[in-house]
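To start, the structure itself, in structure tokens.
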Amino acid sequence: MKLNRDFFNRNCAVVAHDLIGKKLVFGEHEGIITETEAYRGADDPASHAHRGITARSAIMFGQPGKSYVYIIYGMYYCLNIVTEPEGEASAVLLRGLQLLTPPLTHLNGPGKLCRHLGITKQHNGIDLLSDSSFYVTEGIESPEVHITPRIGIKKAIDKPWRFVMAL
DNA sequence: AACAGGATGCAA
DNA sequence: TGCATCCTGTTT
């Protein structure tokens, strides 16, 4: 059962928490989401949307349930899902995936995740609610979730907005 | 522990 | 035009 718009139309930290254990489908690839991070807008210095709308960050202000793909350090793609009502900048970064399709490995890190799935900038702005091959469905019933500060950033490292599924 | 690789956006 | 950045693989 595909997650509906209301699931993403909530506070990004709540969505990031609830996405743990859900199943991501991307073409032939399927996997359980094991690690996420929440990013907000003006109140979050670590977010691309911190300084307002730019060509890159505009999607974060848009409709919840859409994909946000950006290039980091010039070579890796990172996959996010837009959350909160239109006009409220926020997104959830997908950092970890337990593959259900070969090679059944655990993808650790947003760059590796996108590289394996074949996600590129052409997958930016896709509506996961209306796409037939790129979406999120129910997965594990009640996974145990660990909450920690976000990693890989230098600002706002105090906010506990990283969510990891317990093994 | 340091760094290369190199798109993007901001300050200058 | 310069510099920092939501990363990763390779080399000290």
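FYI, side chains are in, hydrogens and waters are out, and symmetry mates aren't considered; it's all heavy atoms of this structure. Just so it is clear: chains get the letters A, B, ... in the order the sequence lines come, proteins before strands, and each one is counted from 1.
C/dT8 and B/dG9 have their C1' atoms separated by 22 Å, given to the nearest Å. Between C/dT5 and B/dA12, the two P atoms lie 15 Å apart (nearest whole Å). A distance of about 22 Å separates the C1' atoms of C/dG9 and B/dT8, rounded to the whole Å.
The side-chain ring of A/Tyr73 is not stacked on the base of C/dT8, judged by centre separation under 5.5 angstrom and plane angle under 30 degrees.
Rounding to the nearest 0.5 Å places CG of A/Leu117 at 6.0 Å from CG of A/Leu97.
The NE2 atom of A/His48 sits 11 Å away from the C1' atom of C/dA4 (whole-angstrom rounding). One interatomic measurement links the two molecules: CZ of A/Arg95 to P of C/dC7, which rounds to 5 Å at whole-angstrom precision. Here the P atom of nucleotide C/dG9 and the CG atom of A/Leu113 are 13 Å apart, to the nearest Å. One interatomic measurement links the two molecules: CZ of A/Arg51 to P of C/dC3, which rounds to 17 Å at whole-angstrom precision. In this structure, OH of A/Tyr76 is placed 15 Å from P of B/dA4, rounded to the nearest angstrom. Atom P of nucleotide B/dG5 and atom CD1 of A/Ile71 are separated by 17 Å, given to the nearest angstrom. Rounding to whole angstrom units, CG of residue A/Asp44 and C1' of C/dT5 are separated by 14 Å. Rounded to an integer number of Å, the gap from CZ of A/Arg150 to P of C/dT5 is 14 Å.
Dashed line: the shortest gap from a side-chain N or O of A/Arg56 to OP1 or OP2 of B/dC10 is not under 4.0 Å. For C/dT5, the OP1/OP2 oxygens have a side-chain nitrogen or oxygen of A/Lys154 closer than 4.0 Å. Taking side-chain N and O atoms only, A/Lys121 has a distance below 4.0 Å to OP1 or OP2 of B/dT8. For the OP1/OP2 pair of C/dG9 and a distance below 4.0 Å, the side-chain nitrogens and oxygens of A/Arg115 include at least one atom meeting the criterion.
Between A/Arg40 and A/Asn11, the closest side-chain pair of non-hydrogen atoms falls below 4.5 Å. At least one side-chain heavy atom of A/Leu107 sits less than 4.5 Å from a side-chain heavy atom of A/Leu99.
The residues A/Glu35 and A/Arg162 are annotated as salt-bridged, a charged nitrogen and a carboxylate oxygen being separated by less than 4.0 angstrom.
Taking the six-membered ring where the residue is Trp, the centroids of A/Tyr39 and A/His48 are separated by 6.0 Å or more.
More than 12 heavy atoms of other residues, nucleotides or ligands lie within 6.0 Å of CD1 in A/Ile151, so this atom counts as buried by the packing criterion.
Here the nucleotide nearest the side chain of A/Tyr70, chosen from B/dG5, C/dC6, C/dT8, is C/dC6. Looking at the side chain of A/Lys112, the nearest of the listed nucleotides C/dC6, C/dG9, B/dG5 is C/dG9.
A/Ser57 comes within contact range of no nucleotide atom at all, as no heavy-atom separation falls under 4.0 Å. Residue-level contact check: A/Ile72 touches the backbone only, with heavy atoms under 4.0 Å from sugar-phosphate atoms and none from bases.
Under the 30°/60° scheme for interplanar angles, the aromatic rings of A/His29 and A/Phe26 are found to lie parallel.
Across A/Arg51, A/Lys155, A/Arg150, a single residue satisfies salt bridge (charged side-chain N to carboxylate O under 4.0 Å, His left out) together with A/Asp44, and that is A/Arg150.
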5'-to-3' dot-bracket of DNA chain C (Watson-Crick, G-U; under 3.5 angstrom; crossing pairs as [ ]; | other strand):
|||||.|||||.
